[in-house]
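Note sheet for the following structure.
Just so it is clear, the model here is predicted, and its values are computed rather than measured. Throughout, numbering of the chain's residues begins at 1 and tracks the sequence.
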Amino acid sequence: MQRRTFAAGLAALWLPSLARAQAPLAENPFGLGVASGHPTASSVVLWTRLLAADPTAAPGGPVTVDWTIAADERMRQFVRSGQAVAEPAWGHSVHVDVDGLEPNRPYWYRFTVAGKASPTGRTRTAPAPGERLAALDFAVASCQQYEQGYYAAWRHMAAEELNAVLFVGDYIYETSWGHDLVRHHGSGRTLTLADYRNRYALYKSDPDLQAAHAAHPFIVTWDDHEVVNDYANDISPTDPDPKTFLAVRAAAYQAYWEHMPLPNALRPAGSAMRLYDRFRFGDLVDLHVIDDRQYRAHNACRAELKPGRMITDCAERLDPARTMLGAEQEAWFASGMKAASARWNLVAQQTLMAELDRSKEGGRHTFWADGWDGYPMARQKLIDAIAASPVRDTVVVGGDVHSFWVTELKQDFTQPKSATVATEFVGGSITSQGPPEKALQEILPHNPHITYAKSGIYGYGLVTFSPKSATLQVRTVQSIKDAKSPIATAARFVVEAGQPGAKPA
Ligand code: FE
Ligand code: CA
């Protein structure tokens, strides 16, 4: 009886003009959870994606979804509501740009379709530009290989007091890898739009990840595994033909947009999608989010690159024409740094930015071609732009290297006494397996600008800003093999305003 009412309700929602067979929605159409993101002082984006009963069936027609946002957790103090259309061409994803909100306060939201309500999510608007703030709290997360661990870290993050979560890349992995897997993708390498959609759906089916999304707004950027490992612009190591690779990139970018709480304005066009953006948090933080994958030059000395992608004596590495951000984003970054006026600059990006000479004691300098070390002149430009900002204090956060790092970003990495321009905090890995801890500690003595490096631990970073200091916390779960693992603070550092570089605290 109930089922029939549900089906009848659904039929009324499908547009009647569509001739092809309609795939019914799943019993729980909100099985991928809800999310919010891209907060400004007056707006947020609300997200969900409707699940079909049979995810392999041809997509049905457009579906109208109702949304409501309220000022209280029980959704009694109505603020706004409306309808959005989940379009089959966009995977029945729903992206609602809600504006007219008040700054710096929580809101609660939910969706309904065919008489079924989604879980209630909580979000938060950014403080008004210029509002005097005593503190801001951000979490930094990246790298959540689904097979290598459970998402206990996400469940703990849901309980943190945060203004926003910064997710800096590797939301999905396109292949299976690693040892001691706790669960499985159940499918091979992602190549098509359907493959990428199914991979996101699998990751997003995890209740702990859903809890984090339902608790905080996310500000996101991507790294390589949202498309293919170590891809650079229009090619990847497994697909050096731009024609075929760009078709994969278009599918991957579309699925990314479909599954992230990103505004409608950022919808990708073909294989292009602008993701870099800027956010203002009161008088305390100017946040600059960058994309170092889409526009970068190909790896240096590509012909000689072996798996592992390490390079020594590669003159091409130092070519000043080699870009990481592309000319347009580089200019955007430099002008944003010049115009910044908050107490702190915060740069959210993909990977370790500090130079890391990976040579064994006494050996020739060895660098990783895929990271910033493969693009040292582009890094220099970025550091010069940070140094030219009227805002004296900058914190750079990153991910990708599956370990935690605190470093000093030097004006000149070849001179240990050179000025420190900014403080870097790489906020670990949710579950993706990191490098051997012993190998990492061996290379630290000849990289003196590195304050802290730790592998073999998993979790996320917390960054708290006040007018006088920034606090960096390494939050780690006891075991990624235990979905109920407790969390603890493994290390804590403080950056005093006016003195870049972090000290243990
Ligand atoms: Fe990763
Ligand atoms: Ca990566």
Side-chain angles (χ1 to χ4, degrees), residues 26 28-37 47-52 55-56 90-95 118-119 121 139-158 165-178 181-216 218-229 248 251-262 350 399-400 402 428-433 458-460 477 480-481 483:
N28 174 13
F30 300 106
L32 303 185
V34 298
S36 72
W47 174 93
T48 191
R49 181 187 162 208
L50 303 181
L51 279 183
T56 61
W90 296 94
H92 287 106
S93 64
V94 178
H95 301 248
S118 75
V140 183
S142 70
C143 298
Q144 49 167 348
Q145 220 286 0
Y146 179 85
E147 301 170 301
Q148 295 173 9
Y150 295 109
Y151 290 164
W154 282 123
R155 189 166 34 82
H156 291 293
M157 200 194 290
V165 174
L166 311 177
F167 193 87
V168 294
D170 292 356
Y171 195 95
I172 57 159
Y173 284 78
E174 83 285 14
T175 57
S176 296
W177 60 282
L181 305 183
V182 299
R183 47 189 180 177
H184 297 277
H185 283 157
S187 55
R189 171 184 289 272
T190 50
L191 282 172
T192 66
L193 179 56
D195 295 340
Y196 282 103
R197 280 176 176 162
N198 291 340
R199 188 60 49 87
Y200 278 99
L202 176 68
Y203 281 50
K204 282 186 155 288
S205 68
D206 186 284
D208 292 327
L209 176 58
Q210 289 185 14
H213 275 294
H216 308 294
F218 274 49
I219 293 172
V220 298
T221 189
W222 51 31
D223 193 30
D224 52 342
H225 289 285
E226 283 88 353
V227 185
V228 173
N229 183 39
V248 175
Y253 282 11
Q254 178 171 343
Y256 182 81
W257 183 83
E258 287 174 355
H259 291 85
M260 293 296 139
L262 287 167
Q350 286 68 30
D400 178 48
H402 305 176
S429 152
I430 295 287
T431 51
S432 305
Q433 289 161 2
Y458 299 90
Y460 52 89
V477 293
I480 51 172
K481 310 287 182 218

Point to revise | Asn229 versus Asp224, closest heavy-atom pair with distance | key: OD1-OD2, 3.2 Å
Review point. Any side-chain heavy atom of Ile430 within less than 4.5 Å of one from Trp154?
Key: yes
Review point. Is it true that the side chains of Gln350 and Thr221 contain a donor and an acceptor less than 3.5 Å apart?
Key: yes
**Study point:** Asp170 and Tyr173: side chain donor to acceptor below 3.5 Å
**Key:** yes
Point to revise | Lys/Arg N to Asp/Glu carboxylate O, Glu258 vs Arg49, below 4.0 Å | key: no
Point to revise | Side chains of His402 and Gln433 in contact at under 4.5 Å (non-hydrogen atoms) | key: no
Point to revise | OG on Ser432 to CG on Asp400, rounded to 0.5 Å | key: 9.5 Å
**Study point:** Gap separating the NE2 atom of His185 from the CZ atom of Arg199, nearest 0.5 angstrom
**Key:** 4.5 Å
Point to revise | Within-4.5 Å side-chain heavy-atom neighbours: Val165 and Tyr460 | key: no
Check your understanding: Any donor and acceptor pair, going by atom type alone, linking the side chain of Arg189 with main-chain N or O of Val228 inside 3.5 Å?
Key -> no
Practice item. Mind checking the NE2-OG1 spacing from His225 to Thr175? Nearest 0.5 Å is all I need. Key: 7.0 Å
Study note, to complete from the structure: Between Phe218 and Ala212, the two heavy atoms sitting closest are CE1-O, 3.6 Å
Check your understanding: Going through the checks in order, is the ring-ring contact (aromatic ring centres under 6.0 Å, His included) test met by Tyr203 and Tyr146?
Key -> CA-CA 6 Å; Tyr203 281 50; Tyr146 179 85; 5.3 Å; yes
Exercise for review: For the pair Ser118 and Thr48, evaluate side chain to side chain contact (heavy atoms under 4.5 Å, CB included) and give the outcome as yes or no after the intermediate values.
Suggested key: CA-CA 9 Å; Ser118 75; Thr48 191; 5.6 Å; no
Exercise for review: State, with a plain yes or no, whether a side-chain heavy atom of Phe30 is found less than 4.5 Å away from one of Val94.
Suggested key: no
Check your understanding: Can you name the nearest heavy-atom pair linking Ser176 to Glu147, along with the distance?
Key -> OG-OE2, 2.7 Å
Exercise for review: List the atom of Val168, the atom of Gly399, and the distance in Å for their closest heavy-atom pair.
Suggested key: CG2-N, 3.7 Å
Practice item. Taking the side chain as every heavy atom from C-beta outward, state whether Ile172 and Tyr196 have any pair of such atoms under 4.5 Å apart. Key: yes
Practice item. Run the numbers on Trp47 and Leu32 for side chain to side chain contact (heavy atoms under 4.5 Å, CB included), then give the verdict. Key: CA-CA 10 Å; Trp47 174 93; Leu32 303 185; 4.2 Å; yes
Exercise for review: Determine, stepwise, if the pair Val182 / Tyr150 fulfils side chain to side chain contact (heavy atoms under 4.5 Å, CB included).
Suggested key: CA-CA 8 Å; Val182 299; Tyr150 295 109; 3.8 Å; yes
Check your understanding: Heavy-atom distance under 4.5 Å between the side chains of Gln145 and Trp177, does that happen here?
Key -> yes
Review point. Do the side chains of Phe167 and Val220 get nearer than 4.5 Å, heavy atoms only?
Key: yes
Check your understanding: Looking only at heavy atoms, which two atoms of Asp206 and Arg183 are closest? And how far apart?
Key -> OD2-NH1, 2.8 Å
Exercise for review: Give me the one residue out of Glu226, Lys204, His259 that meets side-chain hydrogen bond (donor to acceptor under 3.5 Å, both in side chains) with Tyr171.
Suggested key: Lys204
**Study point:** Ala158 to Ala211 - nearest heavy-atom pair and separation
**Key:** CB-O, 3.6 Å
Study note, to complete from the structure: Taken to the nearest 0.5 Å, the spacing of Ser142 OG from Asp223 CG works out to 8.0 Å
**Study point:** Heavy-atom check, side chain of His95 versus side chain of Trp90, under 4.5 Å
**Key:** no
